[in-house]
Amino acid sequence: MVPFTKVQGLGNDFLVVDLRATEAHVASAVTEPDVVRALCDRHFGVGADGVLAVSLGLTGDARMRVLNADGSEAEMCGNGIRCVAKFLYDTDPTLRRPVLRIDTGAGPLDCALQVVNGTVGSVAVEMGRPRLSRDEIPLSPGGAARAVRQAITAADRTFAFTAVSMGNPHAVIFIDDAGEDLRAVAEKYGPILEIASTFPRRTNVEFARVRGRQIDLVVWERGCGITLACGTGACATVVAASIEERLPTGLEVPVHLPGGTLLITAAADYTGVTMCGPAVTLFRVDIDPAALVASRSK
């Protein structure tokens, strides 16, 4: 049996598994795509948007791997890193510090924990530098230029997207029609745009609307579909809004997602982005991954 902890950030829910003291063959088995899919299945498994595998850190206090619900691996997850920071603080007495450094596919990131009466309520994460060139994101064709308001067609509609990487790729699309349902647009066009040839590693797709100095946002997440919140997507959207001159840089922007609100600040020179939001532990459970996979195949 392997212990898992279910944690959510604004409804973006994950199964966290601590592999730091786990035998190598067990750690390898737990992160196999078929096991991840079985765990995340909301009808025949536990149910989650992904699995967050915690291992020993290379430069930080721990390392986080992000395994999407479809079994693929993502470089980074903003809501996920808050959940891992909370998990580490809650379960490891040696890591009960105000700031934890977590290694990710986007590099080591610092997480400042906001603790009240011994409980982590929210986490502020220094998300690092947004990558803006076509090569960094990546896009096809590549190059050093940015993709700003670039036209892209999906089925019967052409959009204008601005590309940003927060360690993982994002295509941010602003919907200016105040009467258009962002979720309906995301459901129809998100799965098409995710796999468009422009994005060689697929992409997360943000459908956003600026209201004053706030943003409404629905995200089609690569490997997951629509989720209640996406931390890296919120960061990418604030950066894109600044690039498109919809919002000034250096402003703390409330980003309203279906699951709640994240506070995002992009540095004026785009040298960094800060994300602040909650993390909540739901429950802990022991699971036999092999038995779960076997039960799904019957």
Side-chain angles (χ1 to χ4, degrees), residues 1-9 12-42 44-97 99-111 113 118-120 123 125 167-168 221 223-224 231-232 279-298:
M1 303 294 282
V2 179
F4 290 83
T5 301
K6 187 162 182 178
V7 188
Q8 59 90 2
N12 197 190
D13 57 341
F14 306 95
L15 292 168
V16 181
V17 58
D18 190 350
L19 303 177
R20 289 176 296 169
T22 303
E23 294 181 12
H25 73 281
V26 175
S28 177
V30 166
T31 56
E32 285 293 322
D34 59 340
V35 173
V36 172
R37 288 191 290 268
L39 289 165
C40 293
D41 191 308
R42 296 189 183 276
F44 297 100
V46 181
D49 290 323
V51 171
L52 303 175
V54 178
S55 58
L56 294 173
L58 300 175
T59 63
D61 295 301
R63 177 182 175 228
M64 175 185 76
R65 286 183 65 196
V66 182
L67 305 168
N68 295 320
D70 70 352
S72 62
E73 184 166 357
E75 302 90 341
M76 174 54 189
C77 177
N79 288 319
I81 196 171
R82 297 200 316 276
C83 290
V84 167
K86 176 178 173 59
F87 170 83
L88 290 170
Y89 184 95
D90 287 348
T91 61
D92 188 340
T94 69
L95 295 180
R96 286 185 185 150
R97 302 195 297 270
V99 177
L100 296 177
R101 173 164 286 194
I102 298 175
D103 294 330
T104 74
L109 301 177
D110 289 336
C111 304
L113 300 111
T119 299
V120 176
V123 182
V125 185
N168 56 348
E221 287 201 46
C224 298
T232 56
V280 179
T281 298
L282 300 175
F283 58 82
R284 295 180 175 86
V285 61
D286 292 334
I287 301 171
D288 180 346
L292 183 60
V293 171
S295 69
R296 278 182 93 229
S297 64
K298 291 179 180 179

How close do [X] and [Y] get, heavy atom to heavy atom, and via which atoms?
X      : Y      : result
Val30  : Val36  : O-CG2, 4.0 Å
Pro3   : Val17  : O-CG2, 3.8 Å
Asn79  : Gly231 : ND2-N, 3.3 Å
Gly223 : Ser72  : CA-OG, 4.2 Å
Ala106 : Gly167 : CB-CA, 3.6 Å

When rounded to the nearest 0.5 angstrom, what is the spacing between [atom1] in [X] and [atom2] in [Y]?
X      : Y      : atom1 : atom2 : answer
Cys111 : Leu100 : SG    : CG    : 6.5 Å
Phe44  : Leu292 : CZ    : CG    : 11.0 Å
Thr119 : Tyr89  : OG1   : OH    : 8.5 Å
Gln8   : Thr281 : CD    : OG1   : 9.0 Å
Ile81  : Leu109 : CD1   : CG    : 4.5 Å

By salt bridge (charged side-chain N to carboxylate O under 4.0 Å, His left out), which residues pair with Asp288, not counting sequence neighbours?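 If we apply the salt bridge (charged side-chain N to carboxylate O under 4.0 Å, His left out) test to Asp288, skipping adjacent residues, there are no hits.
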Indicate yes or no: at least one non-hydrogen side-chain atom of [X] is less than 4.5 angstrom from one of [Y].
X     : Y      : result
Arg82 : Val125 : yes
Thr91 : Arg284 : yes
Asp18 : Thr22  : no
Leu19 : Arg65  : no

Which atom pairs, donor and acceptor, lie under 3.5 Å between side-chain atoms of residues 46-63 and protein residues at least two apart or in another chain?
residue : atom : partner : partner atom : Å
Asp49   : OD1  : Arg42   : NH2          : 3.1
Asp49   : OD2  : Asn12   : ND2          : 2.8
Asp49   : OD2  : Asp13   : N            : 3.2
Thr59   : OG1  : Asp103  : OD1          : 2.8
Asp61   : OD1  : Arg97   : NH2          : 2.3
Asp61   : OD2  : Arg97   : NH2          : 3.0
Asp61   : OD2  : Arg101  : N            : 2.9

Looking at Val120, is its backbone amide N or carbonyl O close enough to the side chain of Lys86 to form a donor-acceptor pair, meaning the two atoms are under 3.5 Å apart?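 At least one qualifying donor-acceptor pair exists.
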What do the steps show when you test Glu75 against Thr232 for side-chain contact (heavy atoms from CB on, under 4.5 Å), and what is the final call? CA-CA 11 Å; Glu75 302 90 341; Thr232 56; over 6 Å; no
Apply the test side-chain contact (heavy atoms from CB on, under 4.5 Å) to residues Ile102 and Leu88: give CA-CA distance (whole Å), side-chain angles for both, the deciding distance (0.1 Å), then the verdict. CA-CA 10 Å; Ile102 298 175; Leu88 290 170; 4.2 Å; yes
Show me the pairs that pass side chain to side chain donor-acceptor pair (under 3.5 Å) and involve residues 31-41, at least two apart or across chains.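 Found Asp41-Arg296.
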Show your reasoning for whether side-chain contact (heavy atoms from CB on, under 4.5 Å) applies to Phe14 and Val84. CA-CA 9 Å; Phe14 306 95; Val84 167; over 6 Å; no
